[in-house]
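We count ligands from 1, going down the list as the structure has it; atoms in each ligand are counted the same way. By convention here, the first residue in the shown sequence is residue 1.
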Amino acid sequence: MSSPLLRRFLLLASSAAALLALCLITVSAQNPPVARHVQQERLWDTLQRLSGFGRNPEGGVSRVGFTEADIAGRTYVVNLMKEAGLAVRVDAAGNIFGRRAGSESLPVLLFGSHIDSVPHGGNFDGDVGSLGAIEVVRALNDGGLHTRHPLEVVVWSDEEGGRFYSGLFGSSAAAGIVPPEALDTRDEKGETLGYWLERLGGDPDHFSAARIAPGSVASYLELHIEQGAVLDEARIPIGVVQGIVGISVRTCTAAGFANHAGTTPMDRRQDALAAASRAVLAVREAVRAEPGRQVGTVGELKVEPGAANVIPGRVTFSVELRDLDAQKLERIGQRVLERFAAIAREENVHIECTAPSVHAPALTDARLKDAIRAAASEAGLPTLDLPSGAGHDAQNVARFAPVGMIFVPSRGGISHSPLEYTSPEDAAGGAEVLYRALLRLDAQ
Ligand SMILES: [Zn+2]
C-alpha cells in the first residue's frame, strides 16, 4: 500500500470508528421507552370500525354532517361511550356529551372533537380526537383512576359544514353564535336543518339550550391531526397549537374600460385584468414583506365581460389573509391597499375593496399549552409549537373557556382526502399526551 493510499485508509478507518462511537452514545443517551396508559391497538381498532360508516370507494369516508352516514357513525360512537361507562346525552344542537363523574363539585374538563367529514374525506380528521378522547376514558377505567373534576367527552355536530351551515355548527351553538333563522335553511330536497337536527337527537325548539355558560368548563382540550406537513417533515410527534389563525377576507374590484381588443392601441387601454394581475402578485409581496407564518391568497377572480376579443373592463377578486396576530392582519391589509392604490394609478383603473370580514384569531391558553408540553415530555415525545391554519371547534369554545390543542402528524400534510393518514403510533402518542395533560389539569 503506497503511503497516500495508506493515509486515506487510516483516515477512513478512524472516521468510521468515530461514527460508531457517536451512534453508541446516541443509543445509550436515549431514554428507555415510557409506559403508555392508552392502548394503541384498541384506539386503532375503533378508528378502523368508524371508517366503515360512510366509507367511499377511494378508502376514505363521505360522512357529511346531517346525513344517514353521520347518524350511523354517531350511533357507533354513542355505544362506545356507553361501553366506557360514560353517561351520554345529546344537547339541543346535536352535540354528543359523555360524562364521567368527578370526586369534587368542580367545572368540567371537556375534551373531544368531531366525526363528520367533508365529501370524499379521510379517516383521521376529527376521528383521532374523538376516539382518542374515548380511549383516554378507557385508560382511566383500566387504571381505576378517579379525577377531581367531572370529565366530559364531546363530539361536536357538523364541524365541516356544507349541507346547511358553513361549519363548526355544534360549537357555534355552544358559543351562542348561530342565528336562529339558520335552522330554516333547506337542502335540495326541501328538508330543513331543523328537521335533520331532530334526526340527530337535537332539539330545534329549544336550540338556545345548547349554549354553554362561561365558567362551566374548566378547560377544553382537543386532539386533532395537523392537516399540514410541519410535524411530518420535522419528524416531531406532538404539536402544541399556539392558536387558530384569524382570517380576513376582502372582495376587491378593478374597474377599467371594456373596449375592442383589435382597435384600441396599447397605450390607451384601461385593462382591469392587467391591473388585477399585478394586484394578485402585490398581495403575495405584501404578505412576504415581513417575517412570520402569515399567508395571503387570491383564490377567486371573475373577469368581465370575459371574451377573447374584448379588453376586460371589470375584474372582481378576493383577498384572504390569515395569521395568529390580529394586528399583523390589519397591517398587511393596509399594505395591500396601498399597493393597490399605486397599481390603480399606474394602470389608469379604479381598484376598490370592501371592508374586511374578519374571523378573529383564537389563541390557546398558556396554562393548557404548558400542561400539554409537560405531558409530552413525561411521555418522552418531542413537541413543536405551531399555529393552526385550519378552523376548529376549539376556536368557538375559546369564547367561553380556556382551550388547548394537541396536533399529531398528517402524512405528507394531506387532509380532506381519502389519502389522509396518521400512523397508529402517532394517534396513540397524541391520546397519551391528552391523557397525561388532563390529569395535570385535574390536579391544578
Ligand atoms: Zn377536523
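- If you take NE2 on His114 and CD on Glu160, they are separated by 5.0 Å, rounding to the nearest 0.5 Å.
- A salt bridge does not link Glu191 with Arg186: every distance from a Lys NZ or Arg NE/NH1/NH2 to an Asp or Glu carboxylate oxygen is 4.0 Å or more.
- In Asp125, the N, O or S atom that comes nearest to the Zn ion (ligand 1) is OD1.
- Aromatic ring orientation, Phe66 versus Phe164: perpendicular (interplanar angle above 60°, classes split at 30° and 60°).
- Residue side and main chain included, Glu160 places no N/O/S atom under 2.8 Å of the Zn ion (ligand 1).
- Note on His114: counted as a metal contact of the Zn ion (ligand 1), an N/O/S atom lying under 2.8 Å.
- Outside the 6.0 Å centre-distance limit, the rings of Phe124 and His224 are not counted as a close aromatic pair.
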